[in-house]
**Student:** 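I have a structure I would like to understand better, so I am pasting it below and will then ask my questions one at a time.
Note that this is a predicted model, so its numbers are computed, not measured.
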Amino acid sequence: MIKSFLKGIVIGIANIVPGVSGGTMMVSMGIYDKLIHCITHLFSEFRKSVLFLLPIAVGMVAAIAASSFGLVYLFDNFPIQTNLLFVGLILGGLPAIWKKVKGKTMKAGHIVAGILFFAMVVGLAAMGESEGEAADLSFGAVNVIRLFGVGVIASATMVIPGVSGSMVLMLMGFYNPVLNAIKDFFTALAAFDMDGILKGCGILIPFGLGVVAGVFGIAKLVEFIFEKFPLYAYWAIIGLIVSSPIAILLMGTFPAVTVLSAVTGVLALAVGGVIALKLGE
């Protein structure tokens, strides 16, 4: 259960970092197939699914809450090391995916799937270098519906390996407003500020309901693809994993490299790789 909680923390942080895919982290840690199965069979295998999903979900929520306060600091002060840590976390999962296709007959379609998804992630990262106009999150019927829809889109992209839900939110202009809403909500909760709590609920409840709806919707589609076209799916994921570090570097802002930042960056890369390998065992 502690291991699942830690995996949830990694996924939660990945989902909040633009350019990093929470779905890719699930794959890297070897839980993607089982997580999708538990979501799609939540009611038919309720106890088993809840026992698996609950610690991961708690870890994700804890990571997102903490990240809304601390992540900006890390990226502002240690951008090279932080980005390379995520690169290591992603690449550390590649051996586990390679085992899924190793020894199997490679078809032209498999290569095409890998190349297409590689190009998709790099293309999205290249287009997502700047955030669109910040969205209006003032409470109202239209915004409640809009937030629900944004939650559906964000969660669907967060579940798909290689696609950064945060990057999609950034392109739609909702990334910073939602991140600030999360931070303000937990600040108000700690201070027992009812006005702040109610304001946060008005934003986060419709967004959260959209996230839940999106996860269940996309999980059914993903399960169908893995059942009918498993090798195509795994080659597509390999393309996504290989392209994700490029996306992170394209999305990141880096200062001049020093000897110290280079050495600590390589160390962070190695640490990320080891963590991913251990969590994926």
**Student:** Measure across P206 and G202 and return the closest heavy-atom pair with its distance rounded to 0.1 Å.
**Tutor:** CG-O, 3.3 Å
**Student:** To the closest 0.5 Å, what do you measure between CD1 (I64) and CG (L179)?
**Tutor:** 10.0 Å
**Student:** For F216, what residues pass the side-chain contact (heavy atoms from CB on, under 4.5 Å) criterion, not counting sequence neighbours?
**Tutor:** I39, L42, V212
**Student:** Would you list the pairs meeting side chain to side chain donor-acceptor pair (under 3.5 Å) in which at least one residue belongs to residues 187-201, sequence neighbours left out?
**Tutor:** none
**Student:** Can you name the residues that form a side-chain hydrogen bond (donor to acceptor under 3.5 Å, both in side chains) with S261, not counting sequence neighbours?
**Tutor:** T258
**Student:** Quick check: closest heavy atoms across G265 and I80, and the distance to 0.1 Å?
**Tutor:** CA-CG2, 4.4 Å
**Student:** Could you tell me which non-hydrogen atom of L147 sits nearest to which non-hydrogen atom of I203, and how far apart they are?
**Tutor:** CD1-O, 3.7 Å
**Student:** Got a second to check how far I205's CD1 is from L198's CG, nearest 0.5 Å?
**Tutor:** 9.0 Å
**Student:** Mind checking what makes side-chain hydrogen bond (donor to acceptor under 3.5 Å, both in side chains) contact with N180, not counting sequence neighbours?
**Tutor:** none
**Student:** Report the distance from atom CG of L6 to atom CD1 of I56, rounding to the nearest 0.5 Å.
**Tutor:** 11.0 Å
**Student:** Listed by chain and number, what are the side-chain contact (heavy atoms from CB on, under 4.5 Å) partners of V58, not counting sequence neighbours?
**Tutor:** F5, L54
**Student:** To the nearest 0.5 angstrom, please state how far the CE atom of M106 sits from the CH2 atom of W235.
**Tutor:** 3.5 Å
**Student:** With sequence neighbours excluded, what pairs up with M26 under the side-chain contact (heavy atoms from CB on, under 4.5 Å) test?
**Tutor:** I11, I31, Y32, L35
**Student:** With clusters defined by side-chain heavy atoms of hydrophobic residues (ILVMFWY) lying less than 4.5 Å apart, directly or transitively, does L84 cluster with L260?
**Tutor:** no
**Student:** Work out which heavy atom in S49 is nearest to a heavy atom in H41; give both atom names and the distance.
**Tutor:** OG-O, 3.4 Å
**Student:** Under 4.5 Å between side-chain heavy atoms, hopping through other hydrophobics if needed: is there a path connecting V266 to L85?
**Tutor:** no
**Student:** Please report the interatomic distance CG(L269) to OG1(T264), rounded to the nearest 0.5 Å.
**Tutor:** 11.5 Å
**Student:** Each residue besides L51 in its hydrophobic cluster should be listed here, by chain and number; the cluster joins Ile, Leu, Val, Met, Phe, Trp and Tyr at side-chain heavy-atom distances under 4.5 Å.
**Tutor:** none
**Student:** Any side-chain heavy atom of L267 sitting closer than 4.5 Å to one from V263?
**Tutor:** no
**Student:** How long is the gap from CZ on F78 to CG on N83, to the nearest 0.5 Å?
**Tutor:** 13.5 Å
**Student:** Only counting residues at least two apart or in another chain, list the ones meeting ring-ring contact (aromatic ring centres under 6.0 Å, His included) with Y232.
**Tutor:** H110
**Student:** Same hydrophobic cluster for F118 and I111, using side-chain heavy-atom links shorter than 4.5 Å among ILVMFWY?
**Tutor:** yes
**Student:** Is there a continuous path of hydrophobic side-chain contacts, each under 4.5 Å between heavy atoms, that joins F43 to V50?
**Tutor:** yes
**Student:** Taking the side chain as every heavy atom from C-beta outward, state whether E45 and H37 have any pair of such atoms under 4.5 Å apart.
**Tutor:** yes
**Student:** Treating Ile, Leu, Val, Met, Phe, Trp and Tyr as nodes and any side-chain heavy-atom pair under 4.5 angstrom as an edge, say whether I246 and V257 lie in one connected cluster.
**Tutor:** yes
**Student:** Please list, chain by chain and in numerical order, all residues satisfying side-chain contact (heavy atoms from CB on, under 4.5 Å) with I197, sequence neighbours excluded.
**Tutor:** F185, A188, L189, M194, C201
**Student:** Identify every side-chain donor-acceptor pair in residues 219-231 under 3.5 Å, counting partners at least two apart or on other chains, and give the distances.
**Tutor:**
from : atom 1 : to  : atom 2 : distance (Å)
E223 : OE1    : T40 : OG1    : 3.3
E223 : OE2    : T40 : OG1    : 3.0

